[in-house]
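Structure record follows, encoded as structure tokens.
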Amino acid sequence: MAITGALGGIGRGFADMFLAEGAVVSVSDLTAPTNLPDNMFGYACDVGDETAMVGFIDEAEAKSGPIDIFISNAGVGFDDGREGNAAGASNQSWETSWAVNVMASVYAARRLIPSWKARGGGRFVIVSSAAGLLNQIGSASYSATKHAVLGFAEAMAIEHQADGISVHAVCPQYVRTNMTKGMSFAENNKDGLLEPSDVANALKVSISKNEFLVLSHPVVGDYFKAKAMDYDRYISGMAKLRSKLNLTDVKL
Ligand SMILES: NC(=O)c1ccc[n+]([C@@H]2O[C@H](COP(=O)([O-])OP(=O)(O)OC[C@H]3O[C@@H](n4cnc5c(N)ncnc54)[C@H](O)[C@@H]3O)[C@@H](O)[C@H]2O)c1
């Protein structure tokens with residue numbers, strides 16, 4: 001199996017969980033993770049670059065055999081709207097968010113789907129976010145790209161169910177990682193700040209049930225249902241929350 005963005009955080013939580021289950025785990029990040037336990041192998045891969053992604057998959061398969069589970073976990077988040085404009089982030093922030101949060105999953109799936117179809121199946125896990133179902137106040141680029149990759153996950157699940165390919169979309173709220181370090185809204189969140197191992201355990205449960213949506217924070221499912229029931233109430237509620245927040249509290 002293989003995981004991107006696994007130098008630490010949620011990616012490493014997945015890696016440790018699958019290793020404990022007896023898997024051989026290929027982990028990658030912008031720099032190759034080192035000092036790894038037996039049966040965990042590190043690679044350098046910029047996931048926003050298709051050639052690098054294909055190189056990672058091919059090298060990992062050459063060393064450890066065919067990849068049965070791929071976790072597209074690497075992600076970036078930038079603060080937008082600091083200038084009082086939701087579209088105020090630089091094009092570079094938008095392009096990096098699009099490449100890492102969306103296209104990385106497309107590149108990996110494009111490489112893996114033909115061999116999975118030939119072998120009769122595979123499992124693709126996309127780490128989106130609660131921001132993919134709801135929104136991330138203060139970051140339009142994060143919210144939009146996490147919605148986009150959820151749409152890709154759905155499309156892949158629909159297109160390839162008949163090929164035996166399972167797809168899971170992981171949509172956590174706040175988790176204690178580098179991404180949330182120093183973010184007071186996350187660290188003091190009323191719905192709790194989970195550990196990476198909690199998200200890994202939620203994925204394990206969803207795999208056992210072959211469930212598409214992985215909700216490490218079940219309350220996110222309640223918020224999502226409420227949004228679907230009354231979109232305007234959801235927008236007004238989020239706007240009210242936004243007006244109460246100092247954007248430095250939600251800094252990504
Ligand atoms: N921490 C949270 O509260 C939270 C909540 C919801 C979703 N997520 C998502 O979980 C995933 C993991 O994030 P995390 O919280 O563990 O944070 P993290 O910062 O510890 O991990 C993200 C990793 O992605 C790597 N990365 C960034 N750009 C890359 C690139 N171009 N190529 C390869 N690797 C790259 C980083 O080096 C980093 O190691 C992300 O997709 C994030 O959006 C996190």
Side-chain angles (χ1 to χ4, degrees), residues 2-17 26-34 42-57 70-79 92-93 95-108 125-139 141-150 152-153 168-189 191-200 202-203 213-217 219-220 223-224 250-252:
I3 311 175
T4 65
L7 200 55
I10 295 173
R12 185 57 192 260
F14 289 139
D16 289 340
M17 187 270 282
S26 303
V27 288
S28 69
D29 208 296
L30 281 170
T31 56
T34 53
Y43 301 85
C45 170
D46 176 348
V47 299
D49 174 338
E50 185 165 16
T51 306
M53 178 65 88
V54 169
F56 166 48
I57 291 172
F70 189 92
I71 306 186
S72 184
N73 166 75
V76 288
F78 299 104
D79 303 314
Q92 197 187 350
S93 293
E95 282 158 17
T96 304
S97 300
W98 185 255
V100 176
N101 294 350
V102 184
M103 292 311 294
S105 293
V106 176
Y107 299 148
V125 179
I126 291 181
V127 181
S128 173
S129 170
L133 294 166
L134 306 166
N135 216 272
Q136 176 66 43
I137 291 172
S139 186
S141 57
Y142 190 75
S143 305
T145 54
K146 290 296 186 177
H147 273 72
V149 81
L150 189 60
F152 176 66
H168 306 270
V170 185
C171 293
Q173 210 172 34
Y174 294 115
V175 185
R176 194 189 314 278
T177 69
N178 280 341
M179 199 173 260
T180 50
K181 205 171 181 178
M183 192 203 285
S184 61
F185 187 70
E187 288 173 343
N188 306 310
N189 196 268
D191 296 330
L193 179 70
L194 294 188
E195 298 299 328
S197 58
D198 297 320
V199 182
L203 174 60
L213 198 55
V214 183
L215 291 174
S216 49
H217 299 68
V219 71
V220 171
Y223 295 151
F224 184 49
V250 288
K251 192 174 178 342
L252 279 171

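In each ligand, atom 1 is the first atom listed, and ligand 1 is the first ligand listed. Residue indices begin at 1 and follow the sequence shown.
- Across all their heavy atoms, Gln173 and Val219 have their closest contact at OE1-CG1, 4.2 Å.
- Atom numbering of ligand 1 starts at 1 in the shown order; those under 4.0 Å from a heavy atom of Ser128 are 7 (C), 9 (C).
- Heavy-atom contacts of Val76 reach the following atoms of ligand 1: 27 (C), 28 (N) (cutoff under 4.0 Å).
- For ligand 1, the atoms lying closer than 4.0 Å to a non-hydrogen atom of Gly9 are 16 (O), 20 (O).
- Looking at Ala52, Ala104, Ala74, it is Ala74 that brings a heavy atom closest to atom 34 (N) of ligand 1.
- Here is the list of ligand 1 atoms found below 4.0 Å of a heavy atom in Tyr174: 3 (O).
- Residue-ligand proximity: Thr4 is placed with every non-hydrogen atom at 4.0 Å or more from ligand 1.
- Checked against a 3.5 angstrom limit, the closest N/O atoms of Gly48 and ligand 1 fall outside it.
- In this structure, Arg176 does not count as a contact residue of ligand 1, since none of its heavy atoms falls inside 4.0 Å of the ligand.
- Of all heavy-atom pairs spanning Asp29 and Ala6, the tightest one is OD2-N, 3.3 Å.
- In this structure, Ala148 and Trp98 approach most closely via the heavy-atom pair CB-CZ3, 3.7 Å.
- Scanning the protein heavy atoms around atom 39 (O) of ligand 1, the nearest turns out to be Asp29 OD2, 2.6 Å.
- Judged by distance alone, with hydrogens and angles left aside, the side-chain atoms of Glu195 form no donor-acceptor pair with the main-chain N or O of Arg176 at under 3.5 Å.
- With rounding to the nearest 0.5 angstrom, the OG atom of Ser139 is 6.5 Å from the CG atom of Asp79.
- Nearest heavy atom pair, residue Met179 against residue Gly75, reads CE-O, 3.7 Å.
- Here OG of Ser128 is found 11.5 Å from CG of Asn73. Values are rounded to the nearest 0.5 Å.
- The backbone N or O of Tyr142 lies less than 3.5 Å from a partner atom in the side chain of Thr145, making a donor-acceptor pair.
- In this structure, atom 41 (O) of ligand 1 lies nearest to the protein heavy atom Asn73 O, 2.7 Å.
- Checked against a 3.5 angstrom limit, the closest N/O atoms of Ser129 and ligand 1 fall outside it.
- Regarding atom 6 (C) of ligand 1, its nearest protein heavy-atom neighbour is Pro172 O, 3.2 Å.
- Across all their heavy atoms, Ala52 and Cys45 have their closest contact at O-SG, 3.6 Å.
- For a threshold of 3.5 Å applied to N or O pairs, the pair formed by Ile10 and ligand 1 contains at least one separation below that value.
- In terms of protein heavy atoms, atom 15 (O) of ligand 1 is closest to Thr177 OG1, 2.6 Å.
- The single protein non-hydrogen atom nearest to atom 31 (N) of ligand 1 is Asp46 OD1, 2.9 Å, given as residue, atom name and distance.
- For ligand 1, the atoms sitting less than 4.0 Å from at least one non-hydrogen atom of Cys45 are 32 (N), 33 (C), numbered in the order shown with element in parentheses.
- Heavy atoms from both the backbone and the side chain of Leu30 come within less than 4.0 Å of ligand 1.
- Distance CG/Leu150 to CG/Asn101: 12.5 Å, rounded to 0.5 Å.
- Between the CG atom of Asp198 and the CG atom of Leu193 there is a distance of 9.5 Å, given to the nearest 0.5 Å.
- What sits closest to atom 5 (C) of ligand 1 on the protein, heavy atoms only, is Gln173 O, 3.0 Å.
- Across all non-hydrogen atoms, the minimal contact from Ile126 to Val149 is CG2-CG2, 3.6 Å.
- Closest to atom 32 (N) of ligand 1 by heavy atom, among Ile3, Val47, Val170, is Val47.
- Within the model, atoms NE2 of His168 and CG of Leu213 stand 11.0 Å from one another, a figure rounded to the nearest 0.5 Å.
- Taking a cut-off of under 4.0 Å to the non-hydrogen atoms of Val127, the atoms of ligand 1 that pass are 9 (C), 10 (O), 11 (C), 41 (O).
- Among protein heavy atoms, atom 23 (C) of ligand 1 sits closest to Gly5 O, 3.6 Å.
- The structure places OG1 of Thr177 at 8.5 Å from CE of Met183, a figure rounded to the nearest 0.5 Å.
- In this structure, atom 3 (O) of ligand 1 lies nearest to the protein heavy atom Val175 N, 2.8 Å.
- Near Gly75, meaning under 4.0 Å from one of its heavy atoms, ligand 1 places the atoms 22 (C), 24 (O), 27 (C), 40 (C), 41 (O).
- The ligand atoms of ligand 1 that sit less than 4.0 angstrom from a heavy atom of Thr180 are 1 (N), 2 (C), 3 (O).
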